[in-house]
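For reference, the structure discussed in these notes is given below.
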Amino acid sequence: MPEITVRSIDREEIDLFVSIPDGTPNDSLKSYILNQWAIGESKPEWCFIASLGDRQVARVAYWTFEREPNDLKLGPWYLEWTDDFVAFGKALFEQSAAMLAEQAVRTLEARIFSQRTPQFDEREFVLRASGFTLEQEKTRFEFDNADLLTIQPQHLRFELVTDQNQDELIEIVTDVMAHSPDRADQKAVTLSGAAKAALNRIQMLKEIDSEKSNWFFGYSPENELVGCVIGQRVGANRAAINYIGARSDQRAKGFGTMLVKHGTEMLANAGFKMIVADTDNMNLPMINALKHCGFIPREILKAYVKQLNH
């Protein structure tokens with residue numbers, strides 16, 4: 001096989017990038033990438049094309065949150081799915097990783113979904129072959145049974161999270177992350193400490209959706225702050241339970257289910273037609289709470305990470 005070459009694009013090459021594989025313009029992808037450039041989550045030098053002679057065989061657009069400029073995520077990526085797809089993928093990721101390492105990028109993260117990702121098994125194989133390691137496996141749940149929600153007991157009192165009680169939110173998230181069975185939480189705490197990891201998580205949630213109308217604290221009948229639940233808009237008619245946790249000294253009391261119940265009720269009452277929640281497959285208490293409240297498992301999400309050496 002001739003040599004596969006990989007390069008980043010110029011801003012003027014956006015039409016070439018989004019027309020891979022067959023030369024057909026992809027207006028929705030173009031709009032998405034241009035918006036990422038405009039808000040600073042991506043840039044042309046993070047968008048790469050792999051070519052075999054004069055044929056473009058692969059592409060990837062990396063992006064990141066503003067608070068994580070050295071940790072990139074794979075956005076839309078495509079390989080020509082021929083017998084040589086592994087070679088195309090390895091060239092794309094290994095060569096782009098080398099160029100990104102020169103820009104002080106530390107990690108690359110890829111997320112694939114069992115139902116929504118075309119060629120799921122093939123993509124997982126390519127990621128492993130390209131030096132990515134499985135960091136976390138989660139299940140995506142969808143709310144599908146309001147009858148189960150209605151029969152769950154509710155003994156908690158709820159108050160909105162506001163700018164005036166941010167210290168309580170930081171306290172709760174710090175404690176939850178420090179004692180979490182979630183593998184991403186454990187890694188974040190190991191790398192940054194619980195307090196810093198909590199601040200990063202809260203900032204990430206604000207970047208997803210700054211509206212706090214579905215951010216709640218839960219208080220016990222004894223008026224103790226026991227946990228929080230954060231619901232967020234993720235689409236026109238779609239919402240998510242994006243963060244939930246009970247304080248470590250308040251667990252095994254059924255409060256997790258009550259937090260899920262309240263967050264789900266508030267999102268449903270706000271008119272969202274679809275409510276989802278992702279949880280680590282190691283987080284059995286959260287899985288049970290979601291099931292008790294009428295959520296059912298729909299698909300598997302796998303997170304792969306590639307460490308870049310400097």
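- In this structure, the ring-ring contact (aromatic ring centres under 6.0 Å, His included) partners of Phe85, at least two apart in sequence or on a different chain, are Trp81.
- Note: the hydrophobic cluster containing Leu301 does not contain Phe141 (ILVMFWY, side chain heavy atoms under 4.5 Å, direct or indirect links).
- Ser130 has its side chain within reach of Lys90: a pair of non-hydrogen atoms, C-beta onward, lies under 4.5 Å apart.
- Between Arg157 and Glu222 there is no salt bridge, since no side-chain nitrogen of the basic residue lies less than 4.0 Å from a carboxylate oxygen of the acidic one.
- No more than 12 heavy-atom neighbours from other residues, nucleotides or ligands sit within 6.0 angstrom of CZ on Phe125.
- For the pair Arg123 and Phe120, the cation-pi test (distance below 6.0 Å, angle within 45°) is failed.
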Kindly indicate, with the supporting measurements, whether the criterion ring-ring contact (aromatic ring centres under 6.0 Å, His included) is fulfilled by Tyr243 and Trp215.
CA-CA 9 Å; Tyr243 196 80; Trp215 295 37; 9.3 Å; no

Side chain to side chain contact (heavy atoms under 4.5 Å, CB included) assessment of Leu108 paired with Val305
CA-CA 6 Å; Leu108 304 177; Val305 173; over 6 Å; no

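- Pairing each heavy atom of Phe295 with each of Val276, the nearest pair is CE2-C, 4.2 Å.
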Could you pull out every donor-acceptor pair under 3.5 Å between side chains of residues 35-50 and any protein atom, sequence neighbours left out?
| residue | atom | partner | partner atom | Å |
| --- | --- | --- | --- | --- |
| Gln36 | NE2 | Tyr32 | OH | 3.1 |
| Ser42 | OG | Tyr62 | O | 2.7 |
| Trp46 | NE1 | Gln103 | OE1 | 3.1 |

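- Using a 4.0 Å cut-off between charged side-chain N and carboxylate O, Arg111 and Glu109 make a salt bridge.
- In this structure, the side chains of Phe132 and Leu74 come closer than 4.5 Å at one or more pairs of heavy atoms.
- Arg183 has its side chain within reach of Glu137: a pair of non-hydrogen atoms, C-beta onward, lies under 4.5 Å apart.
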I'd like to know whether Leu160 forms a side chain to side chain contact (heavy atoms under 4.5 Å, CB included) with Phe217, so could you lay out the CA-CA distance, the side-chain angles of the two residues, the decisive distance to 0.1 Å, and finally the verdict.
CA-CA 6 Å; Leu160 280 171; Phe217 290 122; over 6 Å; no

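- No side-chain N or O of Asn165 forms a donor-acceptor pair with one of Glu159 less than 3.5 Å apart.
- Counting only residues at least two apart or on different chains, the side-chain hydrogen bond (donor to acceptor under 3.5 Å, both in side chains) pairs with a member in residues 225-240 are Gln232-Asn242.
- Contact of the Leu267 side chain with the Ile241 side chain is registered, since non-hydrogen atoms from C-beta on lie closer than 4.5 Å.
- Under the 4.5 Å side-chain heavy-atom criterion for Ile, Leu, Val, Met, Phe, Trp and Tyr, Val234 and Phe143 are members of distinct hydrophobic clusters.
- In this structure, the side chains of Glu124 and Tyr304 come closer than 4.5 Å at one or more pairs of heavy atoms.
- No side-chain heavy atom of Arg106 sits less than 4.5 Å from a side-chain heavy atom of Gln307.
- With contacts defined as side-chain heavy-atom distances shorter than 4.5 Å, the pair Phe216/Met266 qualifies.
- No hydrogens or angles considered: nothing links the side chains of Thr24 and Asn26 as a donor-acceptor pair under 3.5 Å.
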